[in-house]
Amino acid sequence: MNLFEKLTEKAKQHPQRIVLPEGTEPRTLTAADRIISEGIAEIILIGDPKEIMAMAKDLKLDNIEKATIVNPADETVIDRYAPIFYELRKNKGICMEEARLTTHNPLYLGCLMVKAGDADGQVAGALNTTGNVLRAAFQVIKTLPGIDVVSGAFLMLLPEGVNFGTDGILVFADCAVVPDPDSVQLAQIALSSAQTARHIAGIEPRVAMLSFSTKGSAKGDLVDKVIDATKLAKQMDPDLIIDGELQADAAIVPGVAQTKCPDSPLSGRANVLIFPSLAVGNIAYKLVQRLGGVQAVGPVLQGLAAPVNDLSRGCFPEDIYKTIIMTCNQAIGLKNK
Ligand code: ACO
């Protein structure tokens, strides 16, 4: 079984309720129909019910009638969820009228359904920008206890015969959210990525905190940040197998590790790579993807108290389908934690 077959099986065994705020978007509806027909998750679509059903008819999607449809224009819906938003944001100076207005926004309404326990996760971004999808999640879902920062990981699925990581999988982070993390944020990104490795990749994390220096070979603030983050991450989770600061080759090539850092607990077999900034992480994942023929799955948003995942606006129904499956597995992982 490949990774997605395993994730699909797990999702089917523990069906989750996934809310799709872009309910009137054709690629989203197509993915939702497939998820329902394969019995992978319960789907909640946000949008005008008439519009959704007319589109489903046009697209010949017979399973959409089995989805729950929530109309963001329905004032009884707003009556239920706006007070939750008001409570969450009243210290920011919003009034109930503003809370009601925001609750009409499907991205917020979906997150509020998750917050209220009426859904287990949200997938959006086929129409909305990353910033808008993330902001709703930051404001409503908020972060896990002990974590203040949401970050984005990619699962890098290596071509057959390329023996790095574990089972041909490496986790890269942060590649999507935090432009310039400080050492505390970097430590938290390491811990969240370890969780993603367990919950989504199904591998036991071996975390490398990457730099242009290996164990003091170079000096400076950028190196110190990674050294401090490694110490903090160890304090936060003493059982985690983690090491830094390491250059990428010392992290993933046993022969190089033997020379540069013979005492590293990773022994050159890291499977989670933490980059010192978003610029490095984002560039690294795109280069590895393009030059190495590697499949990059994500970003998986990590650190949120309940899963919300963002899509590319250029996505295909297949991407939405897979993101829903990943979201189900994150929800299952968080509940079992
Ligand atoms: N984790 C948790 N909470 C956060 C985070 C975070 N990483 N960032 C911001 N917040 C919170 C803030 O604390 C604030 O909360 P509050 O309103 O309760 O006080 C709220 O979110 C809004 O904060 P802002 O500083 O106003 O954040 P802003 O909305 O300006 O930016 C954003 C957030 C959009 C995620 C920004 O960090 C960003 O643009 N990041 C880069 C995203 C990107 O372009 N990635 C590359 C492309 S993705 C790809 O290639 C896969």
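Order of listing sets the numbers, starting from 1, for every ligand and every atom in it.
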Please determine if Thr143 has a nitrogen or oxygen closer than 3.5 Å to a nitrogen or oxygen of ligand 1. no

Looking at Arg135, which atoms of ligand 1 are within less than 4.0 Å of one of its heavy atoms? 28 (P), 29 (O)

Nearest to atom 43 (C) of ligand 1 by heavy atom, Pro299, Gly125, Pro181, Ala176: which? Ala176

Please work out which of Val177, Leu301, Asp148 has its closest non-hydrogen atom nearest to atom 41 (C) of ligand 1. Val177

Transitively linked via ILVMFWY side-chain contacts under 4.5 Å: Ile46 with Ile43? yes

Quick one: does Cys175 get an N or O within less than 3.5 Å of an N or O on ligand 1? no

Closer than 4.0 Å: a protein non-hydrogen atom to atom 30 (O) of ligand 1: no

Kindly confirm or rule out an N or O of Lys142 lying under 3.5 angstrom from an N or O of ligand 1. no

So the atoms of ligand 1 within less than 4.0 Å of a heavy atom of Asn282 turn out to be 49 (C), 50 (O)

Val149 to ligand 1: N or O pair under 3.5 Å? no

What's the verdict on side chain to side chain donor-acceptor pair (under 3.5 Å) for Asn271 and Thr166, showing C-alpha distance, side-chain angles and the deciding distance? CA-CA 6 Å; Asn271 54 22; Thr166 301; 2.9 Å; yes

A student checking ligand 1 against Lys92 at a 4.0 Å heavy-atom cut-off should list atoms 16 (P), 18 (O), 19 (O)

Determine whether a donor-acceptor pair (N or O, by modelled atom type, separation under 3.5 Å) exists between the side chain of Lys115 and the backbone of Val140. yes

Check for me whether the distance between the ring centres of Phe154 and Tyr285 falls short of 6.0 Å. yes

For ligand 1, which atoms sit closer than 4.0 Å to a heavy atom of Phe154? 51 (C)

Any atoms of ligand 1 less than 4.0 Å from a non-hydrogen atom of Gly131? List them with their elements. 34 (C)

Between ligand 1 and Arg89, is the shortest N or O to N or O distance under 3.5 Å? yes

Does any N/O atom on Gln139 come nearer than 3.5 Å to any N/O atom on ligand 1? no

Ligand 1 atoms in contact with Leu134 (distance to a heavy atom under 4.0 Å): 35 (C)

